[in-house]
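As the structure is a prediction and not an experimental result, all values here were calculated from the model.
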Amino acid sequence: MLGISLLDNPIRQYAWGSRTAIARLQRRSSPTREPEAELWMGAHSAAPSRLRQHGSLPLTDLLRDRPSEVLGLRVSTWFSSGFPFLLKVLAADQPLSIQAHPNERQAREGFERENAAGIAPDDPTRNYRDPHPKPELICALTPFWALRGFRDSVEIVREFRSFCIDEFSHEVDTLEREGDGRGHRHFFASLMNADADRVARAIAQAVVPAVETPTSRWFAKLASAYPRDAGALAPLFLNVVRLEAGEAMYLDAGELHSYLEGVG
């Protein structure tokens with residue numbers, strides 16, 4: 001029997017991470033030299049946990065050699081002797097880019113396509129680092145802000161007009177005619193493909209309402225930090241969500257989202 005072993009878990013350093021949050025959770029000194037964005041606990045091939053009582057053995061090696069003993073026969077068979085989830089502590093000091101995770105078919109096909117193209121697993125241009133879908137569940141450890149899913153098209157039209165953003169009036173009028181679904185797709189594609197000068201004009205002409213709301217607060221914050229990035233407009237077309245500590249939010253594959261601030 002393996003018994004219980006303490007894990008040494010890798011930390012991923014991304015520019016949007018925190019220099020204090022993960023260090024404090026682990027009772028290390030802070031601030032750290034580099035921002036620490038994610039603490040990974042699992043058996044992802046890019047950064048597996050290691051078993052401290054077994055000579056720093058990577059969890060991936062243990063699963064390869066003794067899958068049914070660690071996972072049980074059913075789970076090891078179903079997940080091809082891989083770990084069925086990755087647990088992360090995520091600490092965002094700055095907003096992450098808008099993203100959507102692949103479903104099972106997209107993940108498998110994308111992974112195989114990039115392998116066939118000879119793109120190395122650690123190449124920064126790679127989109128698919130493994131063949132697995134990425135539904136996600138975030139549970140807040142601190143107050144946690146996020147953007148999640150399209151607002152109703154009527155609400156998006158109202159927000160853009162209330163902020164007096166005339167630069168995209170044609171796109172807003174088209175969304176009003178087309179409505180949810182198809183309208184969302186066309187509207188989002190138009191904004192994301194707009195050139196930076198046009199985006200900058202739209203952001204510069206915005207009139208932020210005097211009464212602060214979560215939408216106006218995050219628009220102002222993103223517009224100040226990213227004045228030429230269409231992502232700064234996201235609080236006007238995606239739902240602004242605040243989780244209190246202990247609250248959770250599920251994100252299915254394909255759902256647009258961005259984490260803005262907090263630890264979860």
Side-chain angles (χ1 to χ4, degrees), residues 15-16 92 94-103 105-107 109-110 113 124-125 127-128 134-136 138 144-243 249-261:
W16 49 264
Q94 299 177 41
L96 283 67
S97 59
I98 299 172
Q99 54 194 279
H101 297 313
N103 60 32
R105 178 186 58 80
Q106 292 167 334
E109 292 177 355
R113 184 171 59 249
T125 65
N127 290 314
Y128 298 90
K134 299 289 189 296
E136 195 162 274
I138 182 76
F144 194 93
W145 288 93
L147 301 173
R148 181 261 180 94
F150 285 115
R151 293 173 181 258
D152 181 275
S153 59
V154 173
E155 193 175 344
I156 297 172
V157 169
R158 184 175 67 243
E159 292 290 359
F160 270 77
R161 288 175 178 166
S162 69
F163 277 71
C164 304
I165 300 177
D166 296 330
E167 183 65 36
F168 287 108
S169 59
H170 172 71
E171 287 81 1
V172 169
D173 292 344
T174 302
L175 174 63
E176 188 173 34
R177 290 195 305 273
E178 293 187 336
D180 295 349
R182 180 184 176 192
H184 281 147
R185 291 192 295 274
H186 290 171
F187 184 75
F188 181 69
S190 297
L191 262 60
M192 293 299 108
N193 290 320
D195 65 72
D197 288 341
R198 190 177 180 211
V199 171
R201 288 195 298 272
I203 291 173
Q205 71 185 187
V207 178
V208 179
V211 178
E212 185 180 85
T213 65
T215 297
S216 64
R217 175 198 169 198
W218 278 106
F219 171 79
K221 201 168 182 177
L222 295 176
S224 175
Y226 311 103
R228 296 173 60 82
D229 189 327
L233 298 165
L236 306 185
F237 62 84
L238 298 180
N239 294 291
V240 181
V241 177
R242 176 187 165 100
L243 300 176
M249 175 173 68
Y250 175 73
L251 296 160
D252 206 351
E255 187 163 17
L256 284 178
H257 65 281
S258 169
Y259 297 148
L260 300 173
E261 182 181 85

Sequence neighbours left out, cut at 3.5 Å: what donor-acceptor pairs do the side chains of residues 224-238 make with other protein atoms?
from, atom 1, to, atom 2, distance (Å)
Arg228, NH1, Asp197, OD1, 3.1
Arg228, NH2, Asp197, OD1, 2.8
Asp229, OD1, Gly231, N, 2.7

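Residues passing the salt bridge (charged side-chain N to carboxylate O under 4.0 Å, His left out) test with Arg148, sequence neighbours excluded: Glu255. Residues meeting the ring pair (Phe, Tyr, Trp, His ring centres under 6.0 Å) test with Phe163, sequence neighbours left out: Phe219. Arg198 meets the salt bridge (charged side-chain N to carboxylate O under 4.0 Å, His left out) test with Glu167, Glu171; sequence neighbours excluded. Qualifying side chain to side chain donor-acceptor pair (under 3.5 Å) partners for Asp252, counting only residues two or more places apart in sequence or in other chains: Tyr250. For Thr213, the side chain to side chain contact (heavy atoms under 4.5 Å, CB included) test picks out Thr215, Ser216, with sequence neighbours left out. In this view, Thr125 and Ile119, Asp123 satisfy the side chain to side chain contact (heavy atoms under 4.5 Å, CB included) rule, not counting sequence neighbours. Taking Arg105 as the reference, Glu109 meet the salt bridge (charged side-chain N to carboxylate O under 4.0 Å, His left out) condition, with sequence neighbours excluded. Judged as a salt bridge (charged side-chain N to carboxylate O under 4.0 Å, His left out), and not counting sequence neighbours, Arg185 has no contacts. For Arg161, the side chain to side chain contact (heavy atoms under 4.5 Å, CB included) partners at least two apart in sequence or on another chain are Val157, Val172, Asp173, Glu176. Evaluation of the ring pair (Phe, Tyr, Trp, His ring centres under 6.0 Å) rule for Tyr259 yields Phe144, His257 as partners, not counting sequence neighbours. Shown here are the side chain to side chain contact (heavy atoms under 4.5 Å, CB included) partners of Arg217, two or more places apart in sequence or in another chain: Trp145, Glu212, Lys221, Glu261.
Within 6.0 Å of CZ in Arg242 there are more than 12 heavy atoms belonging to other residues, nucleotides or ligands.
Atom CG of Leu222 and atom CD1 of Ile203 lie 9.0 Å apart (nearest 0.5 Å). Here His186 contributes atom NE2 and Thr174 contributes atom OG1; the two are 9.5 Å apart, rounded to the nearest 0.5 Å. For the atom pair Leu147 CG and Ile98 CD1, the distance stands at 7.0 Å (nearest 0.5 Å).
Looking only at side-chain heavy atoms (C-beta outward), Phe188 and Leu256 come within less than 4.5 Å of each other.
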Practice prompt. Please lay out, stage by stage, how Tyr128 and Arg113 fare under the test side-chain contact (heavy atoms from CB on, under 4.5 Å).
Written response: CA-CA 9 Å; Tyr128 298 90; Arg113 184 171 59 249; 3.9 Å; yes
Item to complete: Please assess His184 against Ser153 for the test side-chain contact (heavy atoms from CB on, under 4.5 Å), listing each intermediate value before the final yes or no.
Response: CA-CA 7 Å; His184 281 147; Ser153 59; 4.2 Å; yes
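Here the side chain of Asn239 pairs a donor or acceptor atom with the backbone of Phe150 at under 3.5 angstrom.
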